[in-house]
Structure formats: C-alpha cells, structure tokens
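What follows is a short report on a single structure.
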Amino acid sequence: MSRGTEISSHVTRDGVLRNPQVSADILAAGRWDGRTGSYIPAPTLDVDPSLELHTLADIELDPITYQVLRGRIWHKNLEQCDVIQRVSGSVPVVYSRDFATAILTEDGEVVTISPTVCFFSTMADLIVKWTLERRSRAPGIADGDVFLQNDPFIGAAQQSDTSFYAPVFWEDKLFCWVFNTLHVGDIGGVDPGGWAIHARDIFDESVTVPPMKIVERGTARWDLVDAFVRQSREPDGVLLNVKSALAGIAAIRTQMREMLESFGAAQVKGSMRRMIADCSNVVARRLSQIPDGTWSERMYVTGLLGERQTHQEVLTLSKHGDRVVCTNAGTSPQGGPGNSTYGFLRSSVVGALATALAWDQMGCAAGVANHVSFEPVAGTRSVARWPAAVSGHLSTFITLNVASLATSKMVLSGPPEVRSHAYGLGGLALPLGDVAFGLNEDGTLVVGTPNSAGGAAMGGCIGAFPFRDGIDSGGSWWLVGSSAGNVEENEETGVPVILYRSENPDSGGPGTWRGGNSLTVGWVPGKAHIAASQMTWADPGTNPAAGLAGGYYGLGGNFLRLGSSQLAQLMSEGKLPASRAEIEELAGPLTRLGPTELVLPLPQGDCIVVEFNGSGGYGDPLGRDPSLVAADVRDGAVTTGAAGRHYGVVLSADGEVDAVATSAEREAIRARRMEGSAPFDGADERRGPAIAAPVLLAGAAGSVDVSVQDGEPVWTCSACSELLGQVGENFKLSTRYRDHRPPDLDERMYPDPAEFGDGQMVLRHYYCPGCAALLSQEVCRPGDQPWHDIRIEPSSLAP
Amino acid sequence: MSGSSASSGYVVGVDIGGTFTDCAVIGPAGEIRVGKVPTRPDDPARSCFEAIEEAANGFGSSLRELLSECVRLVHGTTTGTNALVTRRGANVGLIATAGHGDAINVMKGFGRLAGLSGDQMFDLPRTGKPEPLVGKSRIAEVVERVDFEGDVLVALDESSAVDALDRLVSAGVDAVAVSLLWSVRNDAHERRIVELARERYPDLFITAASEVASQVGEYERTMSGVINSFIGPLMSGYVRALEHGARERGYRGQISFAQCAGGAITAAEAEQAPIRTIHSGPVMGTLGSAFLAAQMGEPDIIVTDMGGTSFDVSVIRGGVPDLRDRSVLERFEIALPMVYVESIGAGGGSIAWIDDSGGLRVGPQSAGAVPGPACYGRGATEPTVTDADVVLGMLDPQSFLHGAVELDREAAEQAVMKIAEPLGLSLHEAAAGVSRLVDSSMADLLRRMSVLRGLDPRQFACFAYGGMGPVHAAAVAREVGVKSVVIPLPHVAPVWSAFGATVADVVHIYQRPRRLRMPADPATMNATFAELEQRGRTVLAEEGFDGGQTELQRSLRMKYTAQVFDIELSLELDGQIETSDLPQIAEAFERSYEHLHGAGSGHPEGGIEITAFVVRARGLTSPPQLGAPRITTTSSDSRQVYWYELGGFAETPVIHMSDGVLEDSLAGPLMIELPDTVIVLRPGQTARFDPGGSLVIAV
C-alpha cells in the first residue's frame, strides 16, 4: 500500500494530533480556561474517567474500504447541511449559508467540515474539547445528549453564531461527535441583530452561553431552549433555527450509527484517523516545498462606531520545515467594541492554511491543525480577555484578512500548484453591512434581508491570483457558497425598492491580474410604513482590500445618502435613476456617511447607496496585457478613465488599444513614479543594477524573485533583474517609495480617511529603482518603516 | 395532435442523445421493438428516422410503412442541451428593467460555485463563473418599474423599449429575452415589449421570461428566458426539419415533444418554449418507469439510469414523480418545473485516479464517448469503470453492444494497472476497488434522495436501466437496502427513455403567481383557477382533445411565511372552493411539506401563504397495451468473473438472450447478456421475471 511519500517527522501517521496548540510555557503562564482568557486545551485532555472513549482504530484498513468510508463520511456531513437548510428554510441559512457542519473524532479533532462558513467548523475542536474537559464529570456526557454553546471565549465569532453538537456512542463508549453552528439571529444585547456595535463590554452583548445540555439522553430540555430563545427580539426565527440545528444533529447521528453497523467501529475510526494522517501528509509535503521564512501582515483599521481610534492588527507566520508558528504580537490592546478571541484567531489561520494547502482534502481541518501552533499575546484586539466586547465583528474580519494575506504571501514561494492558491483580499474584507427594516402600518416589524439591502454584501468578490483575474461578485474565500439572493426576494418584505444592483466598475483593484469587482446598490423606501437603515461598519478610508505583488487595493467601500425626498417626485414623473451617477444627475449630490451614522429613519423619496469593498489586484497594472484592459472597458468592468490612469492603456474611439499611445503613456507613468518617489536611507548600499544571475525562486515575493549572486541568495526585480538586497533583508528598503493621499490615487476607489477616520493614513507604493515597476503597496502612516512582510531564511534555499 | 387510441397503430418514442439515438415502437398488438443508432451531430433528424427504421425492421416493416400506420410520435431531444453545452446557440440580447440588467452577471453572487460538487468548492483558484450567454454589450435596460405587489411604480417608457430593441438588433442579435422585475406579479410591461418587438422585427425569436418561468426570483427567471432564446432559433429549425422529414416519410400525425416537467408538448410549443425540452430524455425514463411500476402494482420506486458519463436518480411516490422548480443547467440556475432528477458524474466512462494523498478516486471526470474507455481501443489510457468491468469479467469483450464494438481487454488491463501499482494492489483487486467505489458513490446519491428526505428505501423498488445500469444496480441496491431491483423489460432497458416517450400524455402547465395569506378569500381562488382552466381547455380543444380526453388538475404553491421554500400541493377539489375547505387545504399543505422536507420541518408559527395557482391541463392519450412476453430461447455458457464480495474469481454462468423472459428462477452469481447490456446478479441474490416481462432481483 502506498500513501505517498512521508517526508517529515511532524506528519501524524496514526491521525492523532500531537502538535500542542501552544507551548507548555505559554499554557502555564496564562489563564487559558475559557473564562478569563480564551480556552486553549493542553495536549492531553482532562476527561473524567467515567466517560469511556472509543479509540479502537484500524488505520491500516484496506485502501478501497478506506476510500468508500472517506467518501461516506464527507457525504454524511454534507447531508447534515441539506437537512439544516430544509428544516430551517430561513433566509440567512438558505441564501447566506450562514452555518456550518463538522464531524469530529472522540477526542475532538475535526475530520471534515462543510463548504460553508469555514471559521465556524474549524473552531469545533475547541468547543468539543472544552466540553470533554468541563462537562464529562457533571452533568456528564451521555448517549442522546445534545449541547448548545456560543461562548466566544471557548469558540464563537459572536454569540449569534451558536453551536449545536452531540456525542455519538457505540458499545457504550463515546465514538465521535457531530456538530453544527448556525447564525441563529438576534439573541439580545444593546443593538438589534447581534452585532453589538455600542457594546462597552460583553455585558452589553447578546446572551453568552457556555456548553449547556439542551437534549438529555434523547429528551429535549425545552425549558433551557426557551430560556435561550427568550433573549431574542425575533424568537420565532431563533426557535426555527434551533429546531433545524437539532434536526441536522438527529439525522447525522442516525447515519453515523448506520455506518458503524455496516462497517464496524475500527474501520470507521480508522478511516477518520487515516483522513487526518493523509491530510497531514499532503500539508507537510506542500509546506516543505516552500522555503523556511517568516511572513507577516499588519493591517490598520479605524474602529467601529464613532471611535476614530485606529487599531493595528498583526499576524506573523513562521514556517520551518512542515510546521507553522503563528503569533499576533504587535496587535493593539483590546478595547471598544468588536474584539475577538484566540479561538477565532486559530480558526482563521487554520482556515486560511487549509484554503492554500489542503484544498483537495475534503475539509479535513485536523490534518492542517497538526502543522500549526500559536504564540498568542492576550489582552489584544485579536486575543482579547474577558469581559471584552466581541460581537461587533471588526477584529474578526481583520483577523481573517491578515491570516489570508500572510498565507498567500507564504505560498507565493511554493511550486506552481501551491503558488496558484495565493489571492488578493476581497468580499467582506471590511465589515460593511446594513440592514433595511421597517414597520408595517399595524406596527409589526419587518426586516429586510440582513447583510445589506439587496443582500449585496454577500455578493462579495474574489481578489486576483498570480495567474488569473479575481472573480467579480464571486462571494468570499471564507464564507463559501453564500448568496446575495434575488432582488425580488429582498423586496418581498416591502421595505426597500432597489433602484439598482450591479457590479461596480473599477471596484476591483487594478493589477497585472485585476481584482474582482464588488456590488453596488441603491435603494429607496418601499411600502413599509417607516423604513430605516442600520449600518455596521469600520472606516473604509483605512482600506483592507489588499492586493498582492504590487496589485492595487480594491475599492474601500462607501455609504452614501441623498438626504432629500427628491426621488419620489422624479419616479412619479416616470424617471428611474439606475446608477449612482444617474441619481446624482437627476436628484443632486449624494453625501458620504460616516461611521457615526448608524440608524437612519428614511423618508419616502430618500435614497441610500452602498458600494461594497472590492478586491485586490495582483502585480503592477502596467504589466497587464492591454487587450485585457480593452475587453474590461468593453464589458463595463473598468472605466476608460481607470484604463488610462492605472493601466496606462489608451483606447481609440471604437475601443481598440492604441499601442503606440499606450506604450508612451506607460512610459510617462513610469517616469512620474520615479520623479515622485524617493529612496530609503541607505538604499544605495543595498541595491544595485540589474544582475545576470540565475533565478532561484521566481516570484517568491510576488513581483520580486530570489536569485543567486556570488553564491548568496538575493532579491531581484522580476521585471528587470535589478538587485534589491540580500534575501535576509526587507527588499522594500531597496526600493523607491511614495506615500499617496489615498483619494489622490483614485477619488472613487479610495475615500479620504481624513473625513471620518484616521487622517494620517497613506497608501504607500514601492517602486523598482531600475524599471519603476510597482512591487508592493501598503496602507500605513507616513513615518512607518516599510513592513517586513516577507522574510525568507537564506539557509533554507537550495543553492 | 390527436388523442386517438394507440391500439389502432404504432406508437413511436424517440430519444436523441449525444451519442446514440434510441427508438422504441409499440406495435398494434402491444409488442415492442427497439432501434439504436449513432447520433449524427450534424443532422440529428436523420438519426431519428434511422432509429425508427431499425425498429421498423424488427416488425418486418419499412420505415414508410410503419410511419404511415403510426398514431403517435413522441420525441425527446438533447438538441437544446447540446447547444447549451457547446455554446452553439443564438446570439441573444437581453432586455431588463433599468438598474437590473446585471442580474445575470451577478448570478446572486453564487455563480462561482453553482453546479460544483462540495469538494470542488474548496479549490478557490479553480472556481469561477461560466462564460456568459449574453455579453454585457448585449444587455439593454428599459425604464419601467413594478413593485412586489404588482403595482406600477414607473410606467413603461415605450421609447426606451424601442431604443433597446433597435440597439440589440443593430448589434446583430438573432434572439431576445425580455425579463423585467416582478413580471410574475404584473406582466403588462413585459408583454408590451414583446408586442413592440413582434411589430418591428417579426422574424426575431423572442421570449418573455415570465412565460417560461413564473416564479419569484429574477436571476433564475431571466436565465430561463435567456436559455430559451439561446436555443430557440436552433430548435425551431430542428422541429421544422423533423416535421417535414416525417411527412415526407409518410407520417400523417403531429409530432409531440417530451418535456422536462413530464408529459409531452406540441411542436408549436416546443418551438416557442424549447427550454421545456431540456433534460427531457432522463425525464421520459422516469415516466416510463412510473407507467410500468403502476402496471406492476409498485407505487413507490427509486429510478436509476447509469450511462457512459452520469448516474441519474429520481423518486416516484404514489405513482407520481417528485418535481422541483429550480435546478442548475450548465452552471446556470434556472426556474422551471422539472421532474426531480439528481445526477452525479458516475458512469462507464468515469475515470479512476490517484489523489495527492495516494488514495483511489473515481470520477467525476469522464472519458466521454470519444475517446471513451481505454478498452474501446481509441487511444485512451486512463482507467475507467468500464475498463474495470472488463478486467473483472463483467463485460465480455466479444459481445459488447451486439458485438458491434470489440473491446480491447489488454488495453483495459494496462489502464487498470496504472492505479493498481501505486496502490500496491493486484490488477483484479484494483479493478474491484474501482467497481466498489463507483457503486458506493451511486449508493450515496440514492441515500441522499431517499433516507435524507425522510424516505425509507426498504419500502421502495429500484428501477435500473441505461447501458451500465443493469451491470451495477444489484450491488448499489444491496448497499442501500431497497426491497428489490427491477430491470424493466430488459431488452427495452437500454432505450428506456424512448419507451417512456410512448406513454406521455400532452401536458400544459399554467401558473399564476399570487400571494395570499391563509385563510385566503375563496372567491379570489375560484376566479384564478377558473381563468387558468379556461386557458387549458381552449388550448387542448385546439389540439384536438375532446372533453373526455381532457383532464384539468389544480394545485397550489404554498409556503410557511417564515420560510423560503414553497411546495406544490395537488388539490383534490375541482368544484368551487368554499371557506370550509380551507382548513383541509392548510392541513394537506402541512402534511405535504413534512413529507417533502422531513418531520418537524414546518414552522407554522408565522402562518401559511399561497404563492401561486397552478393548473395542469392534460390531453389524455390511451396508454399502450403491452403484449404478454414470450418465453425465450437462450444459450448459456460460463466464464471467470471476479466478485469483490467473494474476494476472488468464480466460474459464473452466463445466459445469452435477446428478448422475452425466462421461466425459471435465477440465482447469482449469474450474468444475463442482452444485445445492449448485461444484467449482473451478485452472489447470493435471486431473480425472476414478472408476468409483464421485467426482471425482479431480490436484494
């Protein structure tokens, strides 16, 4: 039997994870108990001896039976999704797919997750392990039990994301766990809907429930369910979702038992362990093909609500061999609404690594988790201590961003297949959503589809890859399979009349490969008695929609309002504006809204326009094939203005590329880059003219290669081979740079951070001193040192 | 169209597939003859007549003789599907409400993943939207707006509609779809634009989206309209060529076309709404199964069809196939009532491969018809399910497809060795592994269609047909635990969809979306049904069905207010609906919802509402009277076959027969070789022919 070549000591051969999540020192130093601090399990779980675990596993089962069972386990987990969707039938579950399912081993390792909200199910191991440690004694864990929990300090992004999970017993021993998490809806707190943006601490937020047994040996504790549902402003909806979660658990549990009857426990468990071992082996092999090094991301974000305080979030991945160590050191101290916890940090990193390294492993998160450990710094925005406010979904989104970006930069130095899994940030990079709601004449509340009028936030977009464009309105990397639904389904509530919902030209970041465009929506109040819009957002001036390899940031995002009832009159005259430009032409200018404006009663004829954040491009836009730019202009994806401004492409009146003029324009842009930029101190000592050195790793830093000079690895520009310093150093220090006021680059794409947020923020471009190619970009403050995002360990490079 | 009795002449069913064109003819005495010829991609109409000719020869008749005595010719085609797959349709323009023309590009933000399997969804850079059928430059917007209650917010600006039409035509479109927001609640603007188009451009193929798809949800409705226009001009040409060809060859009746919602439609309707013929082949197979199952006294069956590239499953309960309203077609979501046929990429051509973790996988990639499996000897070297079956001895290289294709056993063995070596298995172990894996993934789909929808497979018989169906059905069925496997009329099974076409009634579906909270006003309900029924009666009368041959079936689409899924509820009531009937309707809805979605799935707390009224107008055709099967003569021998449940080879009896039935009870392991398929009885299974001529395997 062959299982591929095992290449590393860190691969788990028996599917049992040995990687401690954190070192013994870290574990000893903090209170990682799920109370004051986030929960982090020790490598050996403290399970009450009265609870017997079914550990027998035939990992060497025959390869065909293994494949049959592997497919079966995967399908059973998907079938749980089917049941949840069918029974819930609610908009967030069916359209937004705001739920996830997983199957875990008896000791809480995630064997498979559903292609839905990745971070829900990659947190399942923490939840189950906490339950094993803290509930096995009392009240005990028994056949027929189902637990509910939504405690972010154990494992939840926010309290509305509630988990339901159950042990499956076999021969009186705990054999495995079946699990789901649903966004159940509003369960209290100062703000309706669950994103408590006014919360000072967790006590202002939705009800927090640590693992609680709501079904006891097959009998539902409706008293406890009732206590939970009672916290909600929309109890019917929450109850519906609780019922669907329980139906999913019941269905999958029955199916697991049938599988055990057919195949026997040893083979089923053997397959589960083997899936983990196989995934671990694949991840190890792919990691080992990447040179050792450190990849780090810093992202600034200007806070929720009116707080103009800017936080920074840092995430650093250090890779050695087939292991990754992750730390959030450098992240701002916790404070204000919208912090997040260790569980979320870990699930983001495991999710990002799984997307980049285990795309073909049937969602086996444990096989990925086996290769990553953490050095969490507590008391920060991304690893907050209780009782920080956590439900506002700000640090969560930013954590996903930095995890994905750092991972993408790491895989850039891998072989082509691995490298192709790098991508710019895109849909839902910025928490930017609004809920349209209203009152009927009888006073009953009607709520439009959550996540923005027209569901458009969920439309998302995918950033560019190293070999292709991103995907227009293509959803999000972590919210797999979400849908914006139809405009008609959104209007059925009677709250909004959606004037337009379309892909927003130029919202995808320019690049050699263009970032995907996002959606934009304009809406006016419909027949509901009163219409209002509640917004949740951080300032888009501090742009999170980063590209790669010098590709531009996508559109930051925008909320605008007309502020008059002009449109009612216009529509009665038969006029129907169908874009932001037409609204402004017919009804007057729109006003940009700041994050302080949260709830807006909206009179008839007034209008809200939302432009969701776009996605990042890949590579210097001057390197894009001009005919692709012409095609984008023809399709309305890029405006003629942007074609000239960012791509340097000049089009004739009939839309064809004017090759001569384009060439001249591109030269002119390069000249302006050189003119407007300056070198860093000491750059001349580091850099040097183009060298005729063999390239060792093409595109290891995106637009920068690793080459060999005098036997030493050095950075060289991919376009012109200009020497950009030793590989152990930050190549950016050898470049020329320029700090741009964001709107100076593009007024539409980059709202001015000075208006509502942090006026200091600039968009810094790094140019090759040899050919003026745009090599990298970052949002930073003028005095910031260039962020050392890519460090490759010279000794790990083969000569 | 005539509703005349079938017993006076021949009834012909044809199914034109991508590879083969199949024909089944029921003769005046109820005897069935079949034809199977390769499809001519450049002239499918010719293949149709060639297939009929082959069947005619079985009756000792010429094509002309048979067609001149043919009372009904029903035809299923993949012309539309193929045009879509190969993107060889019309140059379509779209007219949409101002501000919403982008809906078909946005694809609800889900288009990147629609139609992909779950594990494909994780591979981010390999996901993407399909090539659009309508480029952005061919989308024109018009000024008009209707709201969710059908009230006009902004009247149609006719000049903007005319401008849109002119612009599209001058851009070179040869077909247009008009799809406006909320046209399902008020279609006046949509109809007016179609009128304007017909006045200005009488030759332009035009579709009003709400005419082909009458559900809320503009993306699926628009896509349905666009696809209809995309395949429209091609189908018109094809329908006319077929009608002309049939007349020339002596057929005096009208041709009807199988439709995806079950039943048949007239040629005129197929020209106007060709999208209804999409996937009609598999649907006809389901209908043929329902017909035969009713004769066998089996109201509940699971229907499976395994061919070269896919495995299709549908479910029939109480004699009625389950329907669905939304499906994914070539990665586009559409809204069209269709018989619910779920499909996975598992067929004879499915390729076996080794994944990155060293594990064996089968499909979804397929070797297709060309080059086909390695054993076809056309140069392919990747191992497929068919190659594995050859290695195991399930398929005899000498007698595959009448012996028309001689299979290359050595090529099959070489291909399978490619996976055997890295797995550390013997040739036969690896082949058995491929066979077991494909059986297992088919069993997964069967379970998903039954157990996960609250159905107990032990209550169901499983019908199995298609070229590879009888080879694998017994193993799949045993794994799922259905009560029996039926190989329906084994000599007809390889052309089963064509047989299904012969039993199709003409069915028109009329739907009126109207949102009413329960308890609804009976007067409104009665008036709505009356209007739809009147339309149905008129059209059927025009088609030559008299009152006795007309059946009007009412149903309501209903949903729980708090939930998004609406379901169709058939009503037994055909007189006036009274207030006192309403509680029964609500209860029937609740039962039906749980039936479909599982116990406890309904959420009555938020109330119940009607979303649409539906009338199915059926022109009844006399069902064919099948003759009693005759006891057939057979020859038999034996060969070595590898059985994975036995872990090795066993000398296995092989019975060769061409049609008819055997008297004796049969016991596995056993193979029955027919001209176009092989029936496999696994070790320990028994089987016997039923009085109607189908083979029933006890699982």
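Side chains are part of it too, since the values below use all heavy atoms of this structure and drop only hydrogens, waters and symmetry mates.
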Taking every non-hydrogen atom, the tightest pair across [X] and [Y]:
{"X": "B:V106", "Y": "A:R501", "value": "CG1-NH2, 4.4 Å"}
{"X": "A:G574", "Y": "B:V143", "value": "O-CG1, 3.5 Å"}
{"X": "B:R112", "Y": "A:S476", "value": "NH2-O, 3.5 Å"}
{"X": "B:H100", "Y": "A:L499", "value": "NE2-O, 3.3 Å"}
{"X": "B:G128", "Y": "A:R468", "value": "CA-NH2, 4.2 Å"}

(request) Mind running salt bridge (charged side-chain N to carboxylate O under 4.0 Å, His left out) on B:K108 and A:E489 for me, showing each step along the way? (result) CA-CA 11 Å; B:K108 304 194 299 181; A:E489 286 146 0; 5.5 Å; no

Decide yes or no for [X] and [Y]: does some side-chain heavy atom of the first lie under 4.5 Å from some side-chain heavy atom of the second?
{"X": "B:D119", "Y": "A:D360", "value": "no"}
{"X": "A:V94", "Y": "B:F565", "value": "yes"}
{"X": "B:L113", "Y": "A:V480", "value": "yes"}
{"X": "A:V497", "Y": "B:F148", "value": "no"}
{"X": "B:E429", "Y": "A:D62", "value": "no"}
{"X": "B:E333", "Y": "A:S483", "value": "no"}
{"X": "B:H603", "Y": "A:K243", "value": "yes"}
{"X": "A:K527", "Y": "B:D151", "value": "yes"}

Would you mind checking which part of [X] comes under 4.5 Å of any heavy atom in chain A, side chain (CB onward), backbone (N, CA, C, O), both or neither?
{"X": "B:Y593", "result": "side chain"}
{"X": "B:E144", "result": "backbone"}
{"X": "B:L445", "result": "neither"}
{"X": "B:Q120", "result": "neither"}
{"X": "B:A98", "result": "both"}
{"X": "B:N105", "result": "both"}

Nearest 0.5 Å please: distance from the [atom1] atom of [X] over to the [atom2] atom of [Y].
{"X": "A:E492", "Y": "B:T561", "atom1": "CD", "atom2": "OG1", "value": "10.0 Å"}
{"X": "B:L181", "Y": "A:I498", "atom1": "CG", "atom2": "CD1", "value": "8.5 Å"}
{"X": "A:K76", "Y": "B:D444", "atom1": "NZ", "atom2": "CG", "value": "6.0 Å"}
{"X": "A:Y423", "Y": "B:L124", "atom1": "OH", "atom2": "CG", "value": "6.0 Å"}
{"X": "B:L425", "Y": "A:I64", "atom1": "CG", "atom2": "CD1", "value": "5.5 Å"}
{"X": "A:H75", "Y": "B:S441", "atom1": "NE2", "atom2": "OG", "value": "7.0 Å"}

(message) For a salt bridge (charged side-chain N to carboxylate O under 4.0 Å, His left out) check, start with the C-alpha distance between B:E594 and A:R86, then their side-chain angles and the critical distance, and finish with the verdict.
(response) CA-CA 10 Å; B:E594 292 215 336; A:R86 267 205 311 273; over 6 Å; no

(message) When you compare the side chains of A:T65 and B:R436, does any donor N or O come within less than 3.5 Å of an acceptor on the partner?
(response) yes

(message) Regarding B:E220 and A:N486, do their side chains bring together a donor and an acceptor under 3.5 Å, going by distance alone?
(response) yes

Sort [X] into side chain, backbone, both or neither according to what part of it lies under 4.5 angstrom from a heavy atom of chain B.
{"X": "A:K575", "result": "backbone"}
{"X": "A:S502", "result": "both"}
{"X": "A:Y66", "result": "neither"}
{"X": "A:I471", "result": "side chain"}

(request) Using atom types as modelled and distance alone, determine if a side-chain donor or acceptor of A:R285 lies under 3.5 Å from a backbone N or O of B:D356. (result) yes

(request) Please check if the side chain of A:Q67 supplies one atom and the backbone of B:V434 the other of a donor-acceptor pair under 3.5 Å. (result) no

Considering only heavy atoms and a distance below 4.5 Å, find which of [options] pairs most often with chain A.
{"options": "B:G433, B:A430, B:G217", "value": "B:G217"}
{"options": "B:W182, B:F122, B:F110, B:Y219", "value": "B:W182"}
{"options": "B:G118, B:S137, B:A155, B:P125", "value": "B:P125"}
{"options": "B:R145, B:M121, B:R361", "value": "B:R145"}
{"options": "B:E149, B:K559, B:R515, B:R185", "value": "B:R515"}

Do the side chains of [X] and [Y] get close enough for a salt bridge, i.e. N-O under 4.0 angstrom?
{"X": "B:K129", "Y": "A:D472", "answer": "no"}
{"X": "A:E417", "Y": "B:R126", "answer": "no"}
{"X": "B:R221", "Y": "A:E488", "answer": "yes"}
{"X": "B:E479", "Y": "A:R72", "answer": "yes"}
{"X": "A:E503", "Y": "B:K136", "answer": "yes"}

(message) Walk me through whether B:S357 and A:Q361 qualify under side-chain contact (heavy atoms from CB on, under 4.5 Å).
(response) CA-CA 8 Å; B:S357 54; A:Q361 294 301 307; 3.9 Å; yes

